[in-house]
**Q** 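I am attaching a structure below and will ask some questions about it afterwards.
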Amino acid sequence: MTAAAPPAALPPPPREAPGGLVATSADPYGAPPVGGFHLSDVLITLRLRWLPLLAAFLVPAALGIGAGVLAGSRYVAESVLLVQVSRESTGAPDLTGFGQSVVSIEILKVSRSEMEILRSAEVLRAALRAAGPERLFPGIPQAGGANLERAVEALGRALKTEPDTTSNILRVSLTLPSREAALRGLTAILDAYMARRAVIFTDESARLLMTEVERYGSRIRGIEEQIRQVRTQYGVLDIAQEIALTSTRRDDLLQRENRVREQQAMTQAQLAAAEQALAAQPSRVYASSEATNLVPNDESRNTLTRLLQDRQHMAAQYAPDYPGLRDLDQRIASLRTAMRDSARNTYSTTREVRNPNLELLSARVVTLKLEQESLERQLAELGRQRQEAEARGEALLGADRQLRDLTRERDGLEAISRQLTAREAGSRIDEEARRASRPGIQVVQPPSAPLEGRSLRLVLMAAGIALGLAAAGGLGLLLALTRRVYATPEEAERGLRLPALASLGNLAPSLKDLRPVSGIEDLASLICDTRINGRRPQLVQLVATGPQDGRDELGRALALALARRSPAADIALIDLQSDGRGHLSALGSQPLDVERIPGHLMVFSTVVENLWVSHQAMQSDLSNPRATREETETLLGRLREAFALVVVIGPDRADNYAMRRLAAMVDANLLVVRGERTRGDRARAVRDGVLAAGGALLGFAYTGYRRILPAFVTRFL
């Protein structure tokens, strides 16, 4: 079970830096990134991901150029047909007197009907049989079955029909690699179309009417089945009664929901009053006080005992006038004088305990919060039931509409079926009149084709290049929108809403020979000049945003810069990421085999006189979740007394309670962002964790910096 962070009702107040600047410039935790999408994001993505973008462009471009190279010439055979409105289309006056006469029809509808007949699979199949599939498509072997169907599909793709919307002209064209094949195929298609049309318009009307009667009968039976299915689907017998019951239930749920809302408002008011009273109570009250003249950790008596033993031992071996005995006597006299002086001092201790009223008010607040949560869940459940009732009502209304529509449709179909049955007897006379009518299609222009074909080489090549550009652009935009790492300090500033205090490259070469780094020197000066509530920070923690963010190298370089800046002040480097052996080895030192005091820190000197490095700091009270806050404060207080400035390298995981507590107790925190490696969501989560714990956040240091865009492009952007 993970302990929660200390409650923070408000974000920490701003800290003033030198010159009137604000040291902690972060917004309240949870703030979204600033600025949205920028042109520099696209350019940086193009620079970092140029290989997939180049591949996205080259593949479609190569395919388009290859298709253009392989594309040959095509010949188009064209024919023009005249569509006339005849007895076949209008139906002419009904000779039997049972039905109405059709006196007009739209010519465009007739043209489209003729076009569909011309493009039908039966017409194309008959045309292939007449012309020969091997003559039109040499690549398809002469055979039936699947090969014939593939030839029909190829002929349908090569055939094009264009009805003229302003006249009754229908243009038909066929595109094939050979001029002779195009003329032969188009002629066969027109012949098959005329034959098929003659077969279609010479069918017996009596048979058609009987088919229609049977079709309408099947539709009526289908509608009756649909009515039964609708009633079964919605589980209703009387649709009106079901609608009324659903409406009553919806009104009842709405009233209950209103009552719960009133109770929720009352609970919220009580919770606000309890929280206000809880905030007004002091957290601690006076308990007791005591006074003593004993100095904590006073070793004077032990030292006096050791000096007396040394004098007794020396007096047994040397003469009374030996200079060493006189020196011991002087030290013993000085120590006794210091003990007499310190005995006059008196020390007092005052103890405060937790206010007992806090428990009562806290329990009341918890009870009201639980009640509020219960009311919210009850309100959500009532809302869900009301939505179900509303959905049921809507469904019943839809079912009612469906039933009414199906009933009207069934009545209409029954009326049509009765009329068709009455007309079937007189349809035979009308069939004779249709056989005597003239055809409604006339060939205005026989099939013809130009002597020179046309090629699509340039079109295919241009299309391939355009598709490659579009694919590369779309992929670049997608990569720019989905990139989650920070590639420049400016992106990190926009994403984290924090100032970039330092932009550093690779620190490893400089740390090998302990050379000064200009960016580190500036960062050390900024930390030394910063004032938080009027005091300079002594404990600065480098907060982790990832395992490989470079904070170990940054911490060592920062400690070195601070030690060189103030040779008279002691600087400590506390490493909570590792055991510290790497830093000690790089600084010409190694840990000694000494006894560890549980919870304390062990620091060892280095080749730099005033620089100290910790060893196995992860076992101290700084990162121990079982240690109390008082123990951690005591350890931090000792660090402030012993060192002028302490640089703490945070661990890889900063989401446990001990690390959140440490972030709030140190003087200042500094995020470490690794270029092209630290994810934005991870960095924002760490930022929000530090601010939620109440820690002071100066900004971030950018490591692994390298120039991605040219200087003139950066200046232009």
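What you see is a predicted model, and the numbers here were worked out from it, not measured in a lab.
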**Q** Name the residue from Thr678, Asp552, Leu504, Asp549 that meets the side chain to side chain contact (heavy atoms under 4.5 Å, CB included) definition with Val672.
**A** Asp549
**Q** Between CG of Leu526 and CG of Asp529, what distance do you get to the nearest 0.5 Å?
**A** 7.0 Å
**Q** Carefully, step by step, assess His615 and Asp579 under the rule side chain to side chain donor-acceptor pair (under 3.5 Å).
**A** CA-CA 5 Å; His615 175 58; Asp579 59 356; 5.1 Å; no
**Q** Over all heavy atoms of both residues, which pair between Ala617 and Leu576 is shortest? Give the atoms and the distance, please.
**A** O-CD2, 3.6 Å
**Q** Atom CG in Leu558, atom CG in Leu573: separation rounded to 0.5 Å?
**A** 9.0 Å
**Q** Indicate yes or no: at least one non-hydrogen side-chain atom of Ser620 is less than 4.5 angstrom from one of His600.
**A** no
**Q** So do the side chains of Leu670 and Leu523 get within less than 4.5 Å of each other, counting heavy atoms only?
**A** yes
**Q** How far apart are the C-alpha atoms of Arg640 and Asp667, what are their side-chain angles, what is the distance that settles it, and do they pass the salt bridge (Lys or Arg N to Asp or Glu O under 4.0 Å) test?
**A** CA-CA 10 Å; Arg640 290 187 177 95; Asp667 296 335; 2.9 Å; yes
**Q** Can you give me the closest heavy-atom contact between Ala569 and Asn610, atom names plus distance?
**A** O-ND2, 2.7 Å
**Q** Locate the shortest heavy-atom distance separating Arg660 from Ala693; write the atom from each residue and the value.
**A** O-CB, 3.5 Å
**Q** Are the side chains of Leu671 and Val686 in touch, meaning some heavy atoms are under 4.5 Å apart?
**A** yes
**Q** Scan the side chains in residues 314-327 for donor-acceptor partners under 3.5 Å anywhere in the protein, sequence neighbours excluded, and list what turns up.
**A**
unit_1 : atom_1 : unit_2 : atom_2 : d
Gln317 : NE2    : His313 : NE2    : 3.2
Arg326 : NH1    : Asp321 : O      : 2.7

**Q** Please check if the number of heavy atoms outside Glu633 that lie under 6.0 Å from its CD is greater than 12.
**A** yes
**Q** Looking at every non-hydrogen atom in both residues, tell me the closest pair between Phe700 and Leu496 and how far apart they are.
**A** CD2-CD1, 4.2 Å
**Q** Walk me through whether Val648 and Val540 qualify under side-chain contact (heavy atoms from CB on, under 4.5 Å).
**A** CA-CA 6 Å; Val648 181; Val540 179; over 6 Å; no
**Q** Applying side-chain contact (heavy atoms from CB on, under 4.5 Å) to Val613 and Ser589, what does each step give before you reach the verdict?
**A** CA-CA 9 Å; Val613 179; Ser589 179; over 6 Å; no
**Q** So among Arg626, Arg629, Glu631, Glu630, which one has a side chain to side chain contact (heavy atoms under 4.5 Å, CB included) with Asp621?
**A** Glu631
**Q** If the test is side-chain hydrogen bond (donor to acceptor under 3.5 Å, both in side chains), which one of Thr703, Asp652, Asp575 qualifies with Arg551?
**A** Asp652
**Q** For Val608 and Leu560: C-alpha separation, side-chain torsions, deciding distance, then whether side-chain contact (heavy atoms from CB on, under 4.5 Å) applies.
**A** CA-CA 8 Å; Val608 182; Leu560 280 170; 3.7 Å; yes
**Q** Enter the distance from Gln270:CD to Gln372:CD here, rounded to the nearest 0.5 Å.
**A** 11.0 Å
**Q** Kindly compute the distance separating CD (Gln538) from CZ (Arg536), expressed to the nearest 0.5 Å.
**A** 7.0 Å
**Q** How long is the gap from CE on Met618 to OG on Ser578, to the nearest 0.5 Å?
**A** 6.5 Å
**Q** Does any non-hydrogen side-chain atom of Leu662 lie less than 4.5 Å from one of Leu636?
**A** yes
**Q** Working note: Thr545 + Arg674, criterion side chain to side chain donor-acceptor pair (under 3.5 Å); need CA distance, chi angles, decisive distance, verdict.
**A** CA-CA 8 Å; Thr545 56; Arg674 181 73 175 183; over 6 Å; no
**Q** So do Trp612 and Thr606 actually touch side chain to side chain, heavy atoms under 4.5 Å?
**A** no
**Q** Please find the pair of heavy atoms, one from Val666 and one from Leu539, that lie closest to each other, and give the distance.
**A** CB-O, 3.9 Å
**Q** Where is the tightest heavy-atom contact between Leu697 and Arg687, given as atom of each residue plus distance?
**A** CD2-CG, 3.7 Å
**Q** Is it the case that atom CD in Gln312 sees more than 12 heavy atoms from other parts of the structure closer than 6.0 Å?
**A** no
**Q** Please lay out, stage by stage, how Ile571 and Ser566 fare under the test side-chain contact (heavy atoms from CB on, under 4.5 Å).
**A** CA-CA 9 Å; Ile571 306 298; Ser566 303; 5.6 Å; no
**Q** If you measure from CD on Glu491 to OH on Tyr702, what distance do you get to the nearest 0.5 Å?
**A** 7.5 Å
**Q** Does some side-chain heavy atom of Met659 sit less than 4.5 Å from a side-chain heavy atom of Ser623?
**A** yes
**Q** State, yes or no, whether a side-chain contact exists between Gln619 and Asn624 at a heavy-atom distance under 4.5 Å.
**A** no
